[in-house]
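Below you'll find the structure, written out as structure tokens, and then a few comments.
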2 protein chains.
Amino acid sequence: MTYEMKFDALSCPTRRSVFEKLRGGALSVGVLAEGVPVSRPAVSQHLKVLKDAGLVSERRDGVRRLYSIDRAGLEEMRDYFDRFWDEALDAYKRSLETRDA
Amino acid sequence: MTYEMKFDALSCPTRRSVFEKLRGGALSVGVLAEGVPVSRPAVSQHLKVLKDAGLVSERRDGVRRLYSIDRAGLEEMRDYFDRFWDEALDAYKRSLETRDA
DNA sequence: TCATTTCGTAAGTCATAGCTTACTAATAAA
DNA sequence: TTTATTAGTAAGCTATGACTTACGAAATGA
């Protein structure tokens, strides 16, 4: 649930591509495993990492499990970079001012 | 310079903490290495990864090298999550509408 | 009840990421 | 022109992360 886990979860290319597949809405494990160059169990393991990181959530539907994006978790990452951007820009502006002085 | 490299660069905790130290402005390698639980050469290696990823830039100042945040690279990451967030929210809204129908 | 489908878990393999120490290079300063 | 600072590079070690196959569990349908 920490930044730590979220960054780590998104660092693996195949895991991130699984995550990105969920942009359009919920998908089952089988569908997520299609087109991904790894085995279905590997996708399950990736989903566990994403879930533990708070980036996806799961709901059961018969024998299927439907995974979808955890919007709160995604929002954390968005906010992290928004704040970082603002702070870096402020620091840059200050550096210009002090240079003028 | 790709997303690939940026995500990978930010996945390592100590590397990210080095990156975050630069929020306030440019710093030398020696200063960046203070308080970080790894050796100075390790910090140099982290800086190389961050630089290759387009997240930091470097300028020489005598015998020092001052590293600072590459705002264009950081902006890419911010935009990635901004777009992702918007798309995920749209998909969610659509899912609510189709459920009503 | 038995077979199918869908999926998570266990166990083991292999590459590599992150670290270390030793060194080399470049600038500054005496 | 030596001596100190500062920092990047080389080489090697070690833990671990991303995969595989084999198996077990839960829901569905015959």
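Per chain, numbering begins at 1; letters A, B, ... match sequence-line order.
- Here the straight-line distance linking atom CG of L32(B) with atom OH of Y67(B) works out to 9.0 Å at 0.5 Å rounding.
- Taking only side-chain nitrogens and oxygens, S28(B) never comes nearer than 4.0 Å to OP1 or OP2 of dT6(D).
- With dC7(C), dT21(C), dT20(D) as the choices, the nucleotide that has an atom nearest any side-chain atom of A42(A) turns out to be dT20(D).
- Separating the CD atom of E58(B) from the P atom of dT6(D) is a distance of 16 Å, rounded to the nearest angstrom.
- For R40(A) against dG8(C), a side-chain-to-base donor-acceptor contact under 3.5 Å is present.
- The nearest whole Å value for the distance from the CD atom in Q45(B) to the P atom in dA7(D) is 15 Å.
- For S11(B), whose side chain is taken as the heavy atoms from C-beta onward, the closest listed nucleotide among dC7(C), dG18(C), dA7(D) is dG18(C).
- One interatomic measurement links the two molecules: CZ of R60(B) to P of dA25(C), which rounds to 14 Å at whole-angstrom precision.
- In summary, the aromatic rings of Y80(B) and F7(B) are positioned with their centroids under 6.0 Å apart.
- Neither OP1 nor OP2 of dA7(D) sits under 4.0 Å from any side-chain N or O of S44(B).
- Rounding to whole angstrom units, CG of residue L47(B) and C1' of dG8(D) are separated by 11 Å.
- S44(B) and V29(B) get closest at one heavy-atom pair: OG-CG1, 3.9 Å.
- Within a 6.0 Å radius of CZ in R64(A), other residues, nucleotides and ligands contribute 12 heavy atoms or fewer.
- Listed pair T14(A) / dC19(D) meets the phosphate criterion, a side-chain N or O lying under 4.0 Å from OP1 or OP2.
- Both V63(A) and V49(A) lie near DNA chain D, and the one whose nearest nucleotide falls closer to the 5' end is V49(A).
- Separating the NZ atom of K48(B) from the P atom of dC19(C) is a distance of 16 Å, rounded to the nearest angstrom.
- When distances are taken from the side chain of C12(A) to each of dC19(D), dC7(C), dA7(D), the shortest belongs to dC19(D).
- Put simply, Y67(B) has no side-chain N or O that comes within less than 4.0 Å of OP1 or OP2 on dT6(D).
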Practice task
Might you work through the side-chain contact (heavy atoms from CB on, under 4.5 Å) test for F19(B) and R15(B), ending with a clear yes or no?
Solution key: CA-CA 6 Å; F19(B) 182 64; R15(B) 190 157 53 223; 5.9 Å; no
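- Put simply, CZ on R16(B) is 15 Å from C1' on dA17(C), counting in whole angstrom units.
- Of the candidate nucleotides dA18(D), dT27(C), dT20(D), dA18(D) has the atom nearest to the side chain of R15(A).
- Among dA27(D), dA7(D), dA18(D), the nucleotide with an atom closest to any side-chain atom of R64(B) is dA7(D).
- Candidate nucleotides dA26(C), dG8(D), dC7(C) were compared by shortest atom distance to the side chain of R65(B), and dG8(D) ranks first.
- Rounded to whole Å, atom P of dT27(C) lies 15 Å from atom CG of L66(B).
- For the OP1/OP2 pair of dC19(C) and a distance below 4.0 Å, the side-chain nitrogens and oxygens of S39(B) include no atom meeting the criterion.
- Under the 4.0 Å criterion applied to side-chain N and carboxylate O atoms, E97(B) and R94(B) are not assigned as salt-bridge partners.
- Across the protein-nucleic acid pair, R59(A) atom CZ and dA27(D) atom P stand 16 Å apart, rounded to whole Å.
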